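Owing to the predicted nature of the structure, the values given are computational and were not obtained by experimental measurement.
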Amino acid sequence: MNSSRGRELFSYLPAYYETSRVMRSDMDAKGSELDALYLALDATVSQFFVRTATWGLGRWEFELGITTDLTKPIEQRRAVIESKLRGAGTFSGRLVKNVAEAYDGGKVDVSFQPDKWGFTVKFMDTLGIPPNLEDLKSAIEEIKPAHLSVEYEFNYLLIRNIHDVMTLTQIEQTLLSKFAGGVWLAN
């Protein structure tokens, strides 16, 4: 018997059906249909949560007024949606931090410079430029007051950081864009 639910159904039958090929086949067929139904139900339920949604992301984007871009990876689309959901409320450093961390997935530090009428978003855990930085910039422009400027600071690997910590194999496997100056060398 191939179906797990078919085996379960078969276990509820009286013992004299144990040798019946007809009943075994019948329960296997019904169980296969139930297996497919439960898979479809699980897939549908997962669309109600941004972190597990796949084919339902378009609905989330529509509801939040986000333009759907099917060329972006699912994780980036989820980050845009999460950011939009987190981006409601009064503007504050905590709001910017929540939105930025939704995009980056790592720790972000936000510092304000009142004398310059601006603030800085520093990516603490991410090396190099995050892949969906343009989406993050758009989200922050949408939530920040118009009179404030924003700057972004990135972390890069420096020779002093890798000298005693990374092996040659690890260095070879690290993207050039993660190293200071690597962005210009890669072009």
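- Here CZ of Phe123 is found 10.0 Å from CD of Glu101. Values are rounded to the nearest 0.5 Å.
- A continuous path of hydrophobic side-chain contacts links Leu95 to Phe112 [ILVMFWY only; heavy atoms under 4.5 Å].
- The closest side-chain heavy-atom distance from Tyr156 to Leu127 is not below 4.5 Å.
- Nearest heavy-atom pair across Arg77 and Gly58 is NH2-N, 3.6 Å.
- More than 12 heavy atoms of other shown residues, nucleotides or ligands fall within 6.0 angstrom of atom CH2 in Trp55.
- Residues Asn2 and Ser32 form no side-chain contact, since every pair of their non-hydrogen atoms from C-beta on lies 4.5 Å or further apart.
- The closest side-chain heavy-atom distance from Lys97 to Asp109 is not below 4.5 Å.
- Donor-acceptor pairing under 3.5 Å is recorded for the side chains of Glu61 and Thr68.
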(request) Kindly indicate, with the supporting measurements, whether the criterion ring-ring contact (aromatic ring centres under 6.0 Å, His included) is fulfilled by Phe91 and Phe119. (result) CA-CA 12 Å; Phe91 180 78; Phe119 62 96; 5.7 Å; yes

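- More than 12 non-hydrogen atoms from other residues, nucleotides or ligands lie less than 6.0 angstrom from CZ of Arg7.
- Follow the hydrophobic side-chain contacts under 4.5 Å out from Ile66 and you never reach Phe49; the two are in separate clusters.
- Between Val110 and Thr120, the closest side-chain pair of non-hydrogen atoms is not below 4.5 Å.
- By the 6.0 Å contact criterion, OH on Tyr38 is open, its count of non-hydrogen atoms from other residues, nucleotides or ligands being 12 or less.
- Counting heavy atoms from C-beta outward, Lys144 and Val150 have side chains that approach closer than 4.5 Å.
- A 4.5 Å side-chain heavy-atom check between Gln47 and Trp60 finds every atom pair outside the cut-off.
- Following chains of ILVMFWY side-chain contacts shorter than 4.5 Å, one cannot reach Ile140 starting from Met124, and the two form parts of different hydrophobic clusters.
- Cluster membership check: Val80 shares its hydrophobic cluster with Leu64, using side-chain heavy-atom separations under 4.5 Å among Ile, Leu, Val, Met, Phe, Trp and Tyr.
- Taking OG1 from Thr126 and NZ from Lys107, the interatomic distance works out to 12.0 Å, rounded to the nearest 0.5 Å.
- Heavy atoms from other residues, nucleotides or ligands lying under 6.0 Å from NZ of Lys122 number 12 at most.
- Looking at heavy atoms from C-beta onward, Phe154 lies in side-chain contact with Leu133 at the 4.5 angstrom threshold.
- Atom CD of Glu63 is separated from atom CG of Leu85 by 11.0 Å, given to the nearest 0.5 angstrom.
- Atom CG of residue Leu57 and atom CZ of residue Arg59 lie 12.5 Å apart, to the nearest 0.5 angstrom.
- In this structure, the separation between NZ on Lys84 and CG on Asp135 is 12.0 Å, given to the nearest 0.5 Å.
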(request) Test side chain to side chain contact (heavy atoms under 4.5 Å, CB included) on Glu82 and Val99 and set out the steps. (result) CA-CA 8 Å; Glu82 274 193 49; Val99 168; over 6 Å; no

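- Across Ser46 and Ala43, no two heavy atoms sit closer than the pair OG-O, 2.7 Å.
- The two atoms that bring Ala100 and Leu136 nearest to each other are CA-CD1, 3.6 Å, heavy atoms only.
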Can you give the donor-acceptor pairs under 3.5 Å from side chains of residues 10-18 to other protein atoms, not counting sequence neighbours?
{"residue": "Ser11", "atom": "OG", "partner": "Glu8", "partner atom": "O", "Å": "2.6"}
{"residue": "Tyr12", "atom": "OH", "partner": "Glu8", "partner atom": "OE2", "Å": "3.0"}

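- A donor-acceptor pair is defined here as one N or O able to donate and one able to accept, closer than 3.5 Å; no such pair exists between the side chain of Arg24 and the backbone of Met1.
- Atom CD of Gln113 has more than 12 neighbouring heavy atoms from other residues, nucleotides or ligands inside a 6.0 Å radius.
- Applying the side chain to side chain donor-acceptor pair (under 3.5 Å) rule to Asp26 yields the partners Lys30; only residues at least two apart in sequence or on another chain are considered.
- Between the CG atom of Leu9 and the CE atom of Met23 there is a distance of 9.5 Å, given to the nearest 0.5 Å.
- Residues Ala102 and Ala79 share a closest heavy-atom pair of O-CB, 3.3 Å.
- Using a 4.5 Å heavy-atom cutoff, the side chains of Arg5 and Asp28 are not in contact.
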